[in-house]
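Right, one structure below, let's go through it.
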Amino acid sequence: QNTITATLFPGDGIGPEIANSVKEVFRQAQVPIQWEEHYIGNTVDPRTGSFVTYESMESVRRNGIGLKGPMTTPIGKGHKSLNLALRKELGLYANVRPCLSIPGHKTRYDNVDLVTIRENTEGEYSGLEHQVVRGVVESLKIITRQASSRVAEYAFHYAEVHGRKRVSAIHKANIMKKTDGLFLQCCREVAENYPNIVYEEVIIDNCCMMLVKNPALFDVLVMPNLYGDIISDLCAGLIGGLGLTPSGNIGDNGLALMEAVHGTAPDIAGKNMANPTALLLSSVMMLKHLGLNDQAESIHKAILKTIEEGKYLTGDIGGSAGTKHTTDRSLLSWSYSCCGLLELVF
Ligand code: IPM
Ligand code: MN
């Protein structure tokens, strides 16, 4: 099997610890991936105009695939979030967040299985905020036909290839008539080409209520940027929180950067306390994206077994183990056995 080179941004805070966990699990599962690691510094690279270095950007472009830990948003005027800079610069227009119940981790909801697909480049995230006069500020929400149609097309295509039945466009077009109106129009047009997939439109406030009452009402949800940010956190909450949910940023020509949705958690950084699950699940998404389905399955199983077994869980999901313990004692053993390398580990 040929080795694939993938970019790895361990990131800040708890990032390096959870990235380590992924590296170890990949090694144990004999995944044919070689990492090209990049640390994003704390000075502005004049070639990119942001903290994201030219080399790191080139690395993702060249490899076409990457995994990213959480990154601190630099403080100070004019310094944009690194997460956003990466998405925008690399043209990662669709943010895909599958939200699947984890059998070993009980929440109020059983069998949640939905996917939020968020427009990832514009909307209120366009970075256009101004003071008009003292005491009055404005923010521009940009919605374009191009970006809306592109993400809608991605959502329907995703639904089709993943055997999903329904796409719900989430909006507030009753109030945001022009912006969300255009977004919906684009979704409707794309829906026409997918007669086998049920298309519906749900107003966002109502969507929140329905999600909390009965998540099974939804399948694939597609929406503008800010709504996607909010709804994806709500959905993460249904299955146990951001420590358990993966995420992928997808661009043209298969370009993809997977990431954990959670932050850098500076309070527990370097203390061997972070839960590696979200980044591991994101790495599983990455493997699937690369077509390494066997390895993806094995590692996914190992993650689920670790949680189900419940012996070495981190504090956020009710255990008292450290990042290293959960990795060494549970994840690595389960990866070993799930890969069929050994029948019985215990
Ligand atoms: C996310 C995060 C980011 C966002 C932040 C860190 C910029 O909340 O990935 O959902 O708002 O998109
Ligand atoms: Mn968010």
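When a ligand or atom number is given, it counts from 1 through the structure's own listing order.
Closest to the Mn ion (ligand 2) among the N, O or S atoms of Asp229 is OD1.
The single protein non-hydrogen atom nearest to atom 6 (C) of ligand 1 is Asn83 ND2, 3.5 Å, given as residue, atom name and distance. Taking atom 1 (C) of ligand 1 as the reference point, the nearest protein heavy-atom neighbour is Arg97 NH2, 3.4 Å. In this structure, the protein non-hydrogen atom closest to atom 11 (O) of ligand 1 is Tyr125 OH, 2.6 Å.
Under 3.5 Å, the side chains of Glu36 and Ser59 contain a donor-acceptor pair of N or O atoms.
Contact annotation for Arg87 and ligand 1: only side-chain heavy atoms (C-beta onward) come within less than 4.0 Å of the ligand.
Using the six-membered ring where Trp is involved, Tyr158 and Tyr154 have ring planes that are tilted, between 30° and 60° apart. Ring geometry for Phe156 against Tyr199 counts as tilted: the plane angle lies between 30° and 60°, on a 0 to 90° scale.
Atom 10 (O) of ligand 1 has its nearest heavy-atom neighbour, among Asp229, Ile230, Thr264, in Asp229.
Those atoms of ligand 1 that come under 4.0 Å of a heavy atom in Arg118, given as number and element, are 1 (C), 4 (C), 10 (O), 11 (O), 12 (O). Heavy-atom contacts of Ser81 reach the following atoms of ligand 1: 7 (C) (cutoff under 4.0 Å).
A cation-pi arrangement is found for Arg118 relative to Tyr125, the charged atom lying closer than 6.0 Å to the ring centre and inside a 45° cone about the ring normal.
The existence of a salt bridge linking Arg61 and Glu58 is confirmed by a sub-4.0 Å separation between a basic side-chain nitrogen and an acidic carboxylate oxygen. Salt bridge status for Lys88 with Glu122: absent, with no side-chain N to carboxylate O gap under 4.0 Å. Here Glu309 does not pair with Arg329 in a salt bridge; the nearest charged N to carboxylate O distance is not below 4.0 Å.
Every N/O-N/O distance between Asp233 and ligand 1 stays at or above 3.5 Å.
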